[in-house]
Amino acid sequence: MDAKLSLVMPAFNEAQTITETINRVVALDFVNQLVIVDDGSTDGTRQILNDLNHEKIKIVFHDKNQGKGAALHTGFKVAKGPFIGVQDADLEYDPNDLAKFLPPLLSGQADAVFGSRFRSGEVGRVLYFWHSLGNRFLTTLSNMATNINLTDMETCYKVIRKDILDKISLNEKRFGFEPEITAKLASRGARIYEVGISYYGR
């Protein structure tokens with residue numbers, strides 16, 4: 001598969017997992033860029049990133065913690081595309097699953113592809129009941145507001161065409177990013193697909 005995907009990785013105090021996550025991502029031949037935004041880490045993550053030197057990696061540092069959404073805003077401005085995805089630094093998601101996101105985008109069928117921890121056929125850790133219920137509740141509220149039928153609005157894994165993402169004004173600086181990007185994609189009439197993904201929650 002041709003290199004088409006730029007990933008943005010927000011990172012805040014992920015010293016224990018970030019090195020392995022980075023190694024898994026840069027090993028993927030279809031990933032052409034990894035933009036890491038350190039959001040004011042204080043646990044040694046910054047030192048790890050300062051020691052990195054890889055042609056696929058671009059690192060941006062926030063002076064202080066601003067939130068996941070703010071880190072993504074910064075990363076999106078740097079990412080090259082033509083497709084931009086989100087990759088967390090904590091190993092809850094398997095970067096190998098990202099190969100499934102590109103076919104509907106490359107074929108022109110989709111404008112955005114979301115990963116779903118609730119679609120069958122993939123390995124996934126059994127979720128805590130209240131966490132799962134809360135996720136489904138928020139997804140239902142999002143679906144009611146946007147008139148789409150996602151199964152997992154809160155998923156980390158979202159891959160979006162850069163030309164569409166560049167036209168969306170994002171404001172949420174923390175975890176409100178997930179419903180905001182979903183609502184704004186839906187309001188533009190974007191064609192959103194879902195694929196089942198693995199999940200290894202901490």
Side-chain angles (χ1 to χ4, degrees), residues 1-39 41 45 48-49 52 54-59 68-69 71-72 75-76 79 81-107 109-110 112-128 131-132 134-136 138-139 150-162 165 175 177-178 181-182 192-202:
M1 187 181 296
D2 291 339
K4 296 286 184 181
L5 182 59
S6 292
L7 291 174
V8 176
M9 180 189 293
F12 176 64
N13 291 347
E14 297 288 0
Q16 292 186 350
T17 57
I18 195 167
T19 298
E20 184 176 350
T21 306
I22 290 169
N23 289 339
R24 290 189 190 184
V25 169
V26 297
L28 300 172
D29 59 2
F30 55 85
V31 172
N32 64 354
Q33 184 189 36
L34 174 61
V35 179
I36 305 170
V37 182
D38 181 272
D39 193 33
S41 293
T45 299
I48 293 171
L49 296 178
L52 288 178
H54 193 286
E55 60 183 4
K56 286 187 179 183
I57 297 175
K58 170 71 175 178
I59 302 170
K68 179 179 179 178
L72 290 172
F76 290 158
F83 306 112
I84 311 296
V86 178
Q87 171 68 56
D88 280 353
D90 58 12
L91 289 179
E92 289 190 338
Y93 295 81
D94 182 359
N96 289 301
D97 282 340
L98 290 165
K100 297 182 290 187
F101 286 63
L102 288 177
L105 292 161
L106 291 169
S107 69
Q109 294 174 293
V113 180
F114 287 19
S116 173
R117 294 163 288 181
F118 302 111
R119 285 192 174 269
S120 62
E122 303 296 334
V123 174
R125 177 178 173 176
V126 174
L127 298 174
Y128 292 112
H131 176 270
S132 177
N135 190 326
R136 291 176 189 272
L138 292 172
T139 297
L150 291 172
T151 64
D152 192 4
M153 178 271 295
E154 291 284 344
T155 182
C156 157
Y157 270 175
K158 296 176 173 71
V159 178
I160 305 165
R161 283 173 40 193
K162 178 174 171 57
L165 188 58
F175 287 95
F177 165 81
E178 310 294 358
I181 189 65
T182 302
I192 303 173
Y193 277 49
E194 278 189 317
V195 298
I197 57 171
S198 309
Y199 181 65
Y200 306 94
R202 293 190 288 184

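Source: prediction; values computed, not measured.
Considering I22, I57, V37 in turn, I22 is the only one that fulfils the side-chain contact (heavy atoms from CB on, under 4.5 Å) rule with L49. Each of Y193, F30, Y157 was checked for a ring-ring contact (aromatic ring centres under 6.0 Å, His included) with F101, and the lone residue meeting it is Y157.
Considering CG of D152 and CZ of F118, their distance stands at 5.0 Å, rounded to 0.5 Å. Atom CD of residue Q33 and atom NZ of residue K4 lie 14.5 Å apart, to the nearest 0.5 angstrom. One finds the CZ atom of F83 at 7.5 Å from the CZ atom of R161 (value rounded to the nearest 0.5 Å). To the nearest 0.5 Å, atom NE2 of residue H54 and atom CG of residue L52 are 9.5 Å apart. Taking CD1 of I197 as the reference point, atom NZ of K100 lies at 8.0 Å (rounded to 0.5 Å). Separating the CG atom in L7 from the CG atom in L34 is a distance of 6.5 Å, to the nearest 0.5 Å.
When all heavy atoms of K68 and D88 are compared, the closest pair comes out as NZ-OD1, 3.3 Å. P104 approaches V113 most closely through the heavy-atom pair CG-CG2, 3.8 Å. For A79 against I84, the heavy-atom pair with the smallest separation is CB-CD1, 3.5 Å. Nearest heavy atoms, V8 versus L72: CG1-CD2, 3.8 Å. Residues C156 and V86 approach most closely at O-CB, 3.5 Å, considering heavy atoms. Nearest heavy atoms, I160 versus A112: CG1-CB, 4.0 Å.
Between R117 and E154 there is no salt bridge, since no side-chain N of the basic residue sits under 4.0 Å from a carboxylate O of the acidic one.
Atom CD of Q109 has more than 12 heavy atoms from other residues, nucleotides or ligands within 6.0 Å.
For T45 (side chain) and A15 (main-chain N/O), a donor-acceptor pair under 3.5 Å exists by modelled atom type. Panel note: side chain T17, backbone A89; a donor-acceptor pair is recorded below 3.5 Å.
In this structure, I48 and E14 have side chains that are not in contact, with every pair of non-hydrogen atoms separated by 4.5 Å or more. Looking at S6 and F76, their side chains never come closer than 4.5 Å, going by heavy atoms from C-beta outward. S198 is listed as a side-chain neighbour of D97, based on a closest heavy-atom distance under 4.5 Å. By the 4.5 Å heavy-atom criterion applied to side chains, L165 and I181 are counted as neighbours. Annotation: side chain of L98 is not in contact with side chain of Y93 (no heavy-atom distance under 4.5 Å).
The side-chain hydrogen bond (donor to acceptor under 3.5 Å, both in side chains) check on N96 picks up D94, with sequence neighbours excluded.
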Could you walk me through whether K56 and V25 pass side-chain contact (heavy atoms from CB on, under 4.5 Å), step by step?
-> CA-CA 10 Å; K56 286 187 179 183; V25 169; over 6 Å; no

